[in-house]
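Beneath this line is the structure, given in structure tokens, with notes to follow.
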Protein chains: 2
Amino acid sequence: MAGIPSAGSAPTLEMVAARAGVSRATVSRVVNGSPKVSPDVVAVVQEAIAALNYVPNRAARSLASRRTQAIALVVPESTAKVFNDPFFATLVQGIGLALADTEYTLSMLIESEAAFDKTRRYLLGGNVDGALVASHHTGDHSYAHVSRSLPVVFGGRPLDPSEQVNHTVDVDNAHGAELAGDHLVERGRRRIAAIAGPQDMPPGVDRLRGWQRSLERAALPIGLVEYGDFSPASGAEAMRRLLAREPEIDGVFAANDQMAIGAYTAILETGRSIPGDVAVVGFDNDQYAAMAVPPLTTVHQPSLEMGEVMARTLVRLIAGDDVPATTLLPTRLVVRQSS
Amino acid sequence: MAGIPSAGSAPTLEMVAARAGVSRATVSRVVNGSPKVSPDVVAVVQEAIAALNYVPNRAARSLASRRTQAIALVVPESTAKVFNDPFFATLVQGIGLALADTEYTLSMLIESEAAFDKTRRYLLGGNVDGALVASHHTGDHSYAHVSRSLPVVFGGRPLDPSEQVNHTVDVDNAHGAELAGDHLVERGRRRIAAIAGPQDMPPGVDRLRGWQRSLERAALPIGLVEYGDFSPASGAEAMRRLLAREPEIDGVFAANDQMAIGAYTAILETGRSIPGDVAVVGFDNDQYAAMAVPPLTTVHQPSLEMGEVMARTLVRLIAGDDVPATTLLPTRLVVRQSS
DNA sequence: GTGAAAGCGCTAACAT
DNA sequence: ATGTTAGCGCTTTCAC
């Protein structure tokens with residue numbers, strides 16, 4: 001009992017045409033909503049379509065029209081591993097939301113070392129009308145050349161700013177981190193540390209830079225930095241190293257909420273209190289931030305909106321519209337009880 | 001500066017044939033790895049392919065061969081909203097992993113009320129060779145009929161067990177919940193409550209049932225139940241209601257880790273301790289479970305494996321293999337410090 | 001082992 | 001407003 005029991009073969013446009021007593025071209029026009037078909041004929045054709053339960057074959061349509069009505073979402077494997085990252089989940093949600101209004105469908109490509117060529121072929125093989133590259137990753141530029149033959153929108157700037165990537169949508173990470181730093185300073189903290197993200201990822205770099213700018217403006221030292229990989233465990237470890245280096249730390253900025261939650265563990269296990277002894281500020285405003293004990297002060301990142309903007313930008317790009325090469329989305333501080 | 005600057009049109013099989021001095025049929029054979037082509041000809045053709053940077057056009061190939069080499073992942077919108085659910089994220093990861101070894105690509109369809117027909121058309125329009133339906137949701141059966149004309153594998157059983165759905169892969173939720181209940185009982189807890197999930201989702205039902213079975217076996221009352229929607233906030237609220245109903249609660253089982261974390265908040269804010277006053281056990285073993293303070297005892301759910309099994313099952317189904325109608329994956333208890 | 005020829009189901013000029 | 005006629009780029013018998 002395996003295989004596909006499909007009842008006969010699928011109805012074709014030709015069968016609809018025969019049943020409606022018109023030409024295939026007319027059926028095609030009706031299916032594609034052409035304005036130049038008389039209302040009565042439209043009715044007859046639609047009846048036939050319904051009766052036959054006809055669904056156009058995409059491969060044929062795409063072959064003939066040279067359009068696919070599909071766009072690819074490329075997710076580097078490293079990101080897929082961090083798929084648990086709520087940021088990414090929300091991003092995908094935003095993309096889906098924006099695409100729901102259109103005729104486009106989403107093809108998700110989980111990129112891996114081995115599959116790099118597979119992905120490239122897919123992108124270049126006429127499977128999609130455009131691609132969205134979601135990445136926190138260096139690998140970005142691997143697809144830069146693809147953007148020469150296919151509309152592509154990147155999420156997040158390339159690591160090397162000099163690398164000219166046509167279209168990107170990014171969050172203002174540096175400014176968000178500055179807000180976090182300023183807030184800690186305003187709260188009277190003076191020994192402010194940072195748990196930075198990987199420095200081979202733009203958000204890792206930008207958030208660290210924002211924090212540095214803020215402390216420098218306040219004439220505070222910027223040496224208390226340890227690095228994590230955006231996971232909770234790495235945040236805990238980084239915090240332990242920081243505390244070992246400087247027990248008097250009274251404030252810490254973590255480059256994302258997951259590491260901030262990890263830092264909570266490390267701080268609390270030493271008997272220190274939050275925010276009494278150490279104030280903590282995160283970044284992302286994921287759903288756990290509000291639920292943490294105490295609730296985490298953090299920088300809100302508009303990930304849903306980022307997904308929507310990426311999708312809409314790509315759709316316009318495919319349509320041949322003129323779209324800005326870079327879109328920077330604003331961030332804002334959400335003050336809770338950890339600071 | 002918009003549009004696609006593609007340098008000339010993409011190379012076709014015919015161009016490769018011309019350059020290699022063979023027929024199109026031969027090139028096709030080489031591309032598809034046919035064994036009946038002489039080695040020297042293979043070499044010449046591959047050289048031409050490389051020189052032209054040829055990539056086969058999928059639409060054409062799919063039209064001619066009536067295969068698409070693509071499979072769909074259908075995600076009901078309700079799930080997409082809960083996309084933050086780490087379970088789901090990991091599931092997708094497992095699917096991607098399993099598919100990486102194959103020639104299949106993943107097409108993700110985020111299903112919405114409005115787009116139901118869009119999704120159906122896509123599935124039936126010859127866009128994919130099969131579909132994976134990932135759902136915690138009642139809506140499942142909407143696709144049951146699709147499975148009559150397309151190989152489909154469902155993640156999670158249908159809500160109504162009598163509903164015969166061809167192929168499903170599920171986690172043994174009931175048994176996992178029983179393990180959790182038994183553990184609480186063994187720890188000497190006697191006023192054991194449950195924060196259940198929505199009862200219109202199979203995991204919600206099965207996990208509650210498992211907990212009940214365990215308590216009944218221990219001759220303990222099963223009335224202390226409040227419901228949440230699997231979000232941390234709902235877990236906190238449910239816990240507050242439970243504590244209001246019965247202040248002497250000394251153990252609680254939450255149907256997922258997110259609600260368990262929410263319960264932490266509600267328990268701690270009353271000055272109670274974990275596990276001193278109240279032992280807590282969750283379900284899922286997501287990445288936050290281990291990082292919680294105290295680390296959360298929970299039931300491990302093999303979500304990565306579930307994704308892999310779903311994908312592999314579908315691939316075999318497409319190949320016409322005989323595959324079991326139902327696969328149930330085992331769960332196990334992970335004991336940490338919350339109990 | 002290789003080539004010739006006939007489509008796969010649809011769209012898009014071009015006629016009418 | 002509707003029909004006719006070519007293909008879109010590839011796979012696949014069927015001959016050789």
Side-chain angles (χ1 to χ4, degrees), chain A residues 6 8-46 48-49 52-70 103 121-122 124-129, chain B residues 6 8-46 48-49 52-70 103 121-122 124-129:
Chain A
S6 175
S9 54
T12 67
L13 189 152
E14 180 147 30
M15 294 165 66
V16 175
R19 190 179 219 276
V22 299
S23 74
R24 299 184 314 177
T26 298
V27 176
S28 177
R29 289 188 185 102
V30 171
V31 169
N32 292 293
S34 160
K36 9 183 62 187
V37 184
S38 68
D40 24 330
V41 174
V42 170
V44 177
V45 172
Q46 276 173 341
I49 289 178
L52 264 38
N53 202 6
Y54 167 74
V55 177
N57 177 306
R58 269 224 192 187
R61 184 193 284 221
S62 141
L63 183 58
S65 68
R66 315 182 79 10
R67 277 176 277 114
T68 65
Q69 297 293 65
E103 270 306 301
R121 297 176 93 74
Y122 187 82
L124 265 23
N127 294 288
V128 292
D129 294 339
Chain B
S6 175
S9 52
T12 67
L13 188 152
E14 178 147 32
M15 294 164 64
V16 175
R19 191 179 220 274
V22 298
S23 73
R24 299 184 315 177
T26 299
V27 176
S28 177
R29 289 188 184 101
V30 171
V31 169
N32 293 292
S34 160
K36 10 184 59 186
V37 183
S38 68
D40 23 330
V41 174
V42 171
V44 177
V45 171
Q46 276 173 341
I49 288 177
L52 263 38
N53 202 7
Y54 167 74
V55 176
N57 177 305
R58 270 227 190 184
R61 182 190 284 218
S62 142
L63 182 57
S65 67
R66 315 183 75 14
R67 276 176 278 113
T68 65
Q69 297 294 66
E103 270 306 302
R121 298 177 92 74
Y122 187 83
L124 265 23
N127 294 289
V128 292
D129 294 339

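Chain letters run A, B, ... following the sequence lines, proteins first, then strands; residues in each count from 1.
No side-chain heavy atom of B:Val16 sits under 4.5 Å from any side-chain heavy atom of B:Arg19. Side-chain atoms of B:Val22 and B:Val45, non-hydrogen and from C-beta on, do get closer than 4.5 Å to each other.
Residue B:Leu13 contributes atom CG, which lies 14 Å from atom C1' of C:dT2 at whole-angstrom precision. Atom-to-atom, CG of B:Asn32 to P of D:dT12 comes out at 7 Å; the value is rounded to the nearest Å. As a whole-Å value, the separation of A:Glu14 CD from D:dT5 P is 14 Å. Atom pair A:Gln69:CD and C:dC10:C1' shows a separation of 14 Å (rounding to whole Å applied).
The minimum heavy-atom distance linking B:Ser62 with B:Thr68 is given by the pair OG-CG2, 3.9 Å. Here the closest heavy-atom approach between residue A:Pro56 and residue A:Val31 is recorded as CG-CG1, 4.2 Å. Here the closest heavy-atom approach between residue A:Pro11 and residue A:Asn53 is recorded as CG-O, 3.8 Å. In this structure, B:Ala48 and B:Ala20 approach most closely via the heavy-atom pair CB-CB, 4.0 Å. When all heavy atoms are compared, the tightest approach of B:Asn32 to B:Arg61 is OD1-NH1, 3.7 Å. Of all the heavy atoms in A:Ala17 and A:Val27, the pair that sits closest is CA-CG2, 3.6 Å.
The structure places CG of B:Leu13 at 9.5 Å from OG1 of B:Thr26, a figure rounded to the nearest 0.5 Å. Atoms OG and CZ, from B:Ser65 and B:Arg58 in turn, are 10.0 Å apart once rounded to the nearest 0.5 Å.
When the nucleotides D:dT11, C:dC10, C:dC8 are ranked by their closest atom to the side chain of B:Arg66, C:dC8 comes out on top.
Proximity of residues 23-31 of chain B to DNA chain D (heavy atom under 4.0 angstrom from any strand atom) is restricted to B:Arg24, B:Ala25, B:Ser28, B:Arg29. Heavy-atom distances under 4.0 Å link DNA chain C to no residue of residues 36-46 of chain A.
For the helix from C:dG1-D:dC16 to C:dT16-D:dA1, the axis fitted to the five pairs at one end and the axis fitted to the five pairs at the other end meet at an angle of 30° (nearest 10 degrees).
Within the 4.0 Å cut-off from OP1 or OP2 of D:dT11, at least one side-chain nitrogen or oxygen of B:Arg61 is found. Contact between the side-chain N/O atoms of B:Asn57 and the OP1/OP2 oxygens of D:dC8 is not found at any separation under 4.0 Å.
Mapping A:Ala64 and B:Ser65 onto DNA chain C by nearest heavy atom places B:Ser65 at the nucleotide closer to the 5' end. Between A:Arg67 and A:Ala59, it is A:Ala59 whose nearest contact on DNA chain C lies nearer the 5' terminus.
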